[in-house]
Amino acid sequence: MAREFTLKDIEIFNKLAPELQGNIISPQGHQYLFILRPVSHRLAQSEEDFKERLLRLTDDELEYLVDLALKAQEDIRGLDEDMYTFFEVIDERVPHRLADLKDFLGIMG
């Protein structure tokens, strides 16, 4: 069963994707499964755009996304190249969380 977005998930999604005006339903008609992947794959025009969107979030919101990833409720690997952009933002804003995230994902360095 797919994870239902919480109010916090929706608030974060809306910060990252204000152009969707609160719509968390994909063009295929189902609720998005993750917060970051649709922003990365459908909305962000570039890695720089994705980073600018991530920088809209508070440190607490970024940590929340890391926590979701560590519970396998947020797909970081599915971000493809934007995964490294996410790592960069985490390293800049909440660096104490990066090692746990990389360890969980099996990424060295």
Side-chain angles (χ1 to χ4, degrees):
M1 184 171 177
R3 159 175 107 78
E4 293 285 324
F5 275 18
T6 66
L7 286 177
K8 186 168 189 161
D9 295 339
I10 294 169
E11 288 173 9
I12 291 170
F13 189 79
N14 287 338
K15 274 187 167 180
L16 295 171
E19 63 268 44
L20 294 182
Q21 302 174 344
N23 182 17
I24 60 170
I25 305 300
S26 76
Q28 292 77 28
H30 59 80
Q31 180 193 305
Y32 289 116
L33 300 177
F34 305 105
I35 297 169
L36 295 174
R37 196 163 63 188
V39 175
S40 169
H41 289 242
R42 296 184 185 273
L43 301 171
Q45 300 298 310
S46 64
E47 288 178 38
E48 181 122 334
D49 182 20
F50 185 64
K51 182 176 182 177
E52 288 174 12
R53 290 169 185 267
L54 290 173
L55 291 173
R56 295 175 189 165
L57 302 178
T58 66
D59 291 355
D60 286 342
E61 290 167 331
L62 290 167
E63 288 201 61
Y64 177 76
L65 290 173
V66 171
D67 288 339
L68 288 177
L70 294 174
K71 293 187 263 183
Q73 293 180 339
E74 188 60 44
D75 181 17
I76 302 304
R77 283 194 183 279
L79 299 177
D80 302 325
E81 290 301 314
D82 282 337
M83 175 178 73
Y84 300 103
T85 303
F86 183 67
F87 290 166
E88 183 181 328
V89 171
I90 296 303
D91 193 36
E92 288 174 14
R93 300 274 298 281
V94 286
H96 61 281
R97 300 305 306 274
L98 186 59
D100 290 338
L101 181 59
K102 284 185 170 183
D103 184 53
F104 176 78
L105 296 171
I107 297 172
M108 303 296 253

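Computed over heavy atoms, backbone and side chain alike; hydrogens, waters and symmetry mates excluded. For the single chain, residues carry numbers from 1 onward in sequence order.
Annotation: side chain of V94 is in contact with side chain of H96 (closest heavy-atom distance under 4.5 Å). Side-chain contact check for L57 versus L65: some heavy-atom pair is nearer than 4.5 Å. Between I76 and F104, every side-chain heavy-atom pair lies at or beyond the 4.5 Å cut-off. Counting heavy atoms from C-beta outward, D82 and L36 have side chains that stay 4.5 Å or more apart. Looking only at side-chain heavy atoms (C-beta outward), K51 and E48 stay at 4.5 Å or farther from each other. Residues I12 and D9 are not in side-chain contact: their nearest non-hydrogen atoms beyond the backbone lie 4.5 Å or more apart. By the 4.5 Å heavy-atom criterion applied to side chains, R97 and L62 are not counted as neighbours. At a threshold of 4.5 Å between non-hydrogen side-chain atoms, the residues D100 and V66 do not count as touching.
Taking CD1 of I35 as the reference point, atom CD of Q73 lies at 9.5 Å (rounded to 0.5 Å). Residue E81 holds its CD atom at 6.0 Å from CD of E47, rounded to the nearest 0.5 Å. Atom CZ of residue R42 and atom OH of residue Y32 lie 5.0 Å apart, to the nearest 0.5 angstrom. One finds the CZ atom of R37 at 9.0 Å from the CD atom of E74 (value rounded to the nearest 0.5 Å). A distance of 10.0 Å separates CG in L33 from CD in E4, rounded to the nearest 0.5 Å. We find the CZ-CG distance between F50 and L79 to be 5.0 Å, quoted to the nearest 0.5 Å.
When the shell of 6.0 Å around CD of E19 is examined, it contains more than 12 heavy atoms from other residues, nucleotides or ligands.
Q45 places a side-chain N or O within donor-acceptor distance of the main-chain N or O of L43, the cut-off being under 3.5 Å. Without hydrogens or angle criteria, H41 side chain to D80 main chain gives no donor-acceptor distance under 3.5 Å. With hydrogens and angles ignored, the 3.5 Å screen pairs a side-chain donor or acceptor of N23 with a backbone N or O of I25.
Across all their heavy atoms, D75 and F34 have their closest contact at N-CD2, 3.3 Å. The two residues R53 and P18 have their closest heavy-atom pair at NH1-CD, 4.4 Å. Taking every heavy atom of both residues into account, K15 and T58 meet most closely at NZ-CG2, 3.9 Å. Between G22 and N14 the shortest heavy-atom distance is CA-OD1, 3.2 Å.
For the 3.5 Å distance criterion, the side chains of S46 and D49 fail to qualify, holding no donor opposite an acceptor.
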Worksheet item: Should R93 and E61 be marked as a salt bridge (charged side-chain N to carboxylate O under 4.0 Å, His left out) after you check the CA-CA gap, both sets of side-chain angles, and the distance that decides it?
Response: CA-CA 11 Å; R93 300 274 298 281; E61 290 167 331; over 6 Å; no
